Amino acid sequence: MKPTRSLSPLLLFTLLLLPFLLTACKQDPNEEFLQGIWEFANEAGDERSGRVHLFYRWQFSDGTFYVEQEIVMSKPSVSEGRYRILESSDNLIVLELFAVEGTFIPSDPYELRIEINREDNTARFQRTLFNRVWP
């Protein structure tokens with residue numbers, strides 16, 4: 001008669017835990033939507049008199065961010081660093097920006113609230129509307 005082999009307790013535990021570990025690695029759908037480049041360009045100045053050049057660009061890529069702001073003909077303000085998710089539900093994601101270097105973000109860490117509109121492929125960063133440029 002052949003001896004029967006049973007799975008070791010460690011292997012059995014790992015197999016039972018595997019579905020939970022794989023689920024934990026899955027990217028948040030709001031974070032996934034946010035990946036790429038977002039721009040706001042306001043050549044008319046939003047109800048202000050005269051012509052004002054105002055330009056913002058945000059870029060998100062796997063836990064890092066880059067932001068650029070340009071007003072009139074001045075040198076752009078730029079910041080970059082890392083982010084982590086503080087809150088994510090339905091069409092809202094709140095990020096904490098940290099390890100910030102540059103001149104645009106006022107403090108480190110900084111909280112950024114983003115409302116997502118998947119139908120229009122737009123997002124509101126702190127109430128300012130942005131369009132996806134890439135991808």
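The model shown is predicted, which means the values in this text are computed figures rather than measured ones.
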Would you call [X] and [Y] a side-chain contact if the rule is heavy atoms closer than 4.5 Å?
| X | Y | result |
| --- | --- | --- |
| Tyr66 | Val78 | yes |
| Gln126 | Leu112 | yes |
| Leu95 | Glu87 | no |
| Ile85 | Val94 | no |

Roughly how far, to the nearest 0.5 Å, is the [atom2] atom of [Y] from the [atom1] atom of [X]?
| X | Y | atom1 | atom2 | answer |
| --- | --- | --- | --- | --- |
| Ser88 | Glu31 | OG | CD | 8.5 Å |
| Phe125 | Ile116 | CZ | CD1 | 8.5 Å |
| Thr64 | Leu97 | OG1 | CG | 11.0 Å |

Original post:
For Leu34 and Ile114, what are the C-alpha separation, side-chain angles and deciding distance, and is it a side-chain contact (heavy atoms from CB on, under 4.5 Å)?
Top reply: CA-CA 9 Å; Leu34 198 58; Ile114 303 169; 3.7 Å; yes
Original post:
Which salt bridge (charged side-chain N to carboxylate O under 4.0 Å, His left out) pairs, counting each pair once, include a residue from residues 115-133, with sequence neighbours left out?
Top reply: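 Residue pairs passing salt bridge (charged side-chain N to carboxylate O under 4.0 Å, His left out), neighbours aside: Arg113-Glu115.
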Please answer whether the main-chain N or O of [Y] pairs with a side-chain N or O of [X] as donor and acceptor at a distance below 3.5 Å.
| X | Y | answer |
| --- | --- | --- |
| Ser79 | Phe104 | yes |
| Asn30 | Asp90 | yes |
| Asp108 | Ala99 | yes |

Original post:
Are Leu129 and Ile93 connected in the hydrophobic side-chain network, where two residues link if heavy atoms are under 4.5 Å apart?
Top reply: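 Cluster IDs for Leu129 and Ile93 differ.
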**OP:** Please check if Val67 and Tyr110 belong to a single hydrophobic cluster, counting links between Ile, Leu, Val, Met, Phe, Trp and Tyr side chain heavy atoms closer than 4.5 Å.
**Re:**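 Val67 clusters together with Tyr110.
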Original post:
Which pairs count as side chain to side chain donor-acceptor pair (under 3.5 Å) when at least one residue sits in residues 93-103, sequence neighbours excluded?
Top reply: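 Matches after skipping sequence neighbours: Arg84-Glu96.
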Compare every heavy atom of [Y] with every heavy atom of [X], then report the nearest pair and how far apart it is.
| X | Y | result |
| --- | --- | --- |
| Gly36 | Pro135 | CA-CD, 3.7 Å |
| Gln35 | Asp62 | OE1-N, 2.6 Å |
| Leu54 | Phe40 | CD2-CE2, 3.9 Å |

**OP:** Could you check Thr122 against Asn131 for side-chain hydrogen bond (donor to acceptor under 3.5 Å, both in side chains), going step by step and ending with a plain yes or no?
**Re:** CA-CA 5 Å; Thr122 60; Asn131 295 305; 5.6 Å; no
Original post:
Parallel, tilted or perpendicular for Phe65 and Phe60, by the 30°/60° rule?
Top reply: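 Taking Phe60 first and then Phe65, their aromatic rings sit tilted (interplane angle of 30° to 60°).
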Original post:
Does the pair Glu70 and Tyr56 meet the rule for a side-chain hydrogen bond (donor to acceptor under 3.5 Å, both in side chains), with working shown?
Top reply: CA-CA 7 Å; Glu70 185 180 313; Tyr56 294 100; over 6 Å; no
**OP:** Report the C-alpha distance between Arg57 and Phe130 in whole Å, list the side-chain angles of each, state the deciding distance to 0.1 Å, and finish with yes or no for side-chain contact (heavy atoms from CB on, under 4.5 Å).
**Re:** CA-CA 9 Å; Arg57 173 184 288 143; Phe130 283 78; over 6 Å; no
Original post:
Going through the distances and angles, do Tyr83 and Trp58 end up as a ring-ring contact (aromatic ring centres under 6.0 Å, His included)?
Top reply: CA-CA 13 Å; Tyr83 71 84; Trp58 282 90; 10.0 Å; no
